[in-house]
Visitor: 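Pasting a structure below so you can have a look.
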Amino acid sequence: MSRVKKLIRQEILDLTAYPVPNANGMIKLDAMENPYSWPAVAKEAWTDLLKDLPLNRYPDASAEQLKLGLKDAMGIDDKFDVLLGNGSDEIIQMLAMAVAKPGATILAPEPGFVMYKMIATFCGLNYVGVPLTADFELDETAMLEAVNEHQPELIFLAQPNNPTGNLWDRDVITRIIEASKGLVIMDEAYTAFTDEEHLDLLDEHEHVLVMRTLSKVGLAGLRLGLLIGRSEWLNELEKIRMPYNINMLTQASALFALENYDMLMIQTEQLRVDRVVLMKDLAAIQGVQVFPSEANFILVRVPEGMARNWFEGLKERNILIKCLDGGHPLLKDCLRITVGTTEQNEKLIEALSTIAQSGAVH
Ligand SMILES: *Cc1c(COP(=O)(O)O)cnc(C)c1O
């Protein structure tokens, strides 16, 4: 099969596919999903709606109605445009393809969302990761130096940041935007879980775009992300978008969900309340350091060398979280826990307390 090795780009041969663990029958606290489903009446109204969709036809290519629904639900000013993606992952890919001149660069703080680097690789762009400080704040000097040195076409700033969960200093963000000659993307995947938002940056800077997704508010299965900003940018990106990237089932389901947005917001509110409880309960476990979170997940540091052990101990008890130890030097001994239902959170705390007390599994 040497033809495979000859034909496929070396940087692709070097990759390992994004690992998605089998979560069958587990309490799933690994992927920032909303743990709640819909009330029976809502489910019924939704399936009624899907029943009559003409699946023999192509979907509405512009998805105009859905865009209006999103603008309305999210309070997006009419002067800004919206571009839709099959998840925000696809939007990151469209952005990368749009700027992928030879030598083009994507820059992002690290630890951060892994898809920035992966998509840079897929699209043949350079990737520069700039380490955060030890307490996961932006290292302003290092960021400004890297921006000057590498002149990145794209900078991604996730707020709140994944996997750290925190918000960064607004003034530092502004100075990074001002130093950039490229595009700066504010990735607001977790906007539902914080009061801070960055739409105002669109007014102040012509080279900023804001990216959001429905994945973290309860619609991860739909795959719908959006990019918000000036039409000068979005008109160009529209040319790259696959005409039918948002399928008919997604369009109809998302519109239905937006008409019932209160239902999602009630769940989100519950998760925000439970986040506070979970942070307190985690902090009460011997040896656990809890980092501040404005998202629907919590980053913790466990006693030295125990992260993998605690992760496996939870897995044996049918609870799946994310072990971040080994992923980045700053994430040594770190675990990431998605906020679940009140009951799931209690089970997690019970299991973790047992594991912490026993010192080690086996
Ligand atoms: C989850 C996540 C996304 C991607 O979400 P999609 O499901 O592709 O819409 C983007 N950015 C960050 C920071 C995330 O955590």
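Counting begins at 1 with the first residue of the sequence. Counting starts at 1 for both ligands and their atoms, in listed order.
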Visitor: Ring centroid separation for Phe193 and Phe297, is it under 6.0 angstrom?
Guide: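 No.
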
Visitor: Can you label the angle between the Phe291 ring and the Phe136 ring as parallel, tilted or perpendicular, going by 30° and 60°?
Guide: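 Answer is perpendicular, since the angle exceeds 60°.
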
Visitor: In terms of side-chain geometry, is the basic nitrogen of Asp30 or Lys28 positioned less than 4.0 Å from the acidic oxygen of its partner?
Guide: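 Looking at Asp30 and Lys28, the cut-off is met.
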
Visitor: Salt bridge between Arg223 and Asp89, side-chain N to carboxylate O under 4.0 Å?
Guide: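 Between Asp89 and Arg223 there is a salt bridge, with a charged N closer than 4.0 Å to a carboxylate O.
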
Visitor: For a quick check: using heavy atoms under 4.0 Å, what are the residues in contact with ligand 1, sorted by chain and number?
Guide: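 Ligand 1 pocket, heavy atoms under 4.0 Å: Gly87, Ser88, Asp89, Phe113, Ala158, Asn162, Asp187, Ala189, Tyr190, Thr213, Ser215, Lys216, Arg223.
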
Visitor: Less than 4.5 Å apart, any side-chain heavy atom of Ile91 and any of Leu84?
Guide: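 Answer no - side chains too far apart.
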
Visitor: Please find out if less than 6.0 Å separates the ring center of Phe256 from that of Trp38.
Guide: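 Judged by ring-centre distance (under 6.0 Å), Phe256 and Trp38 do meet the cut-off.
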
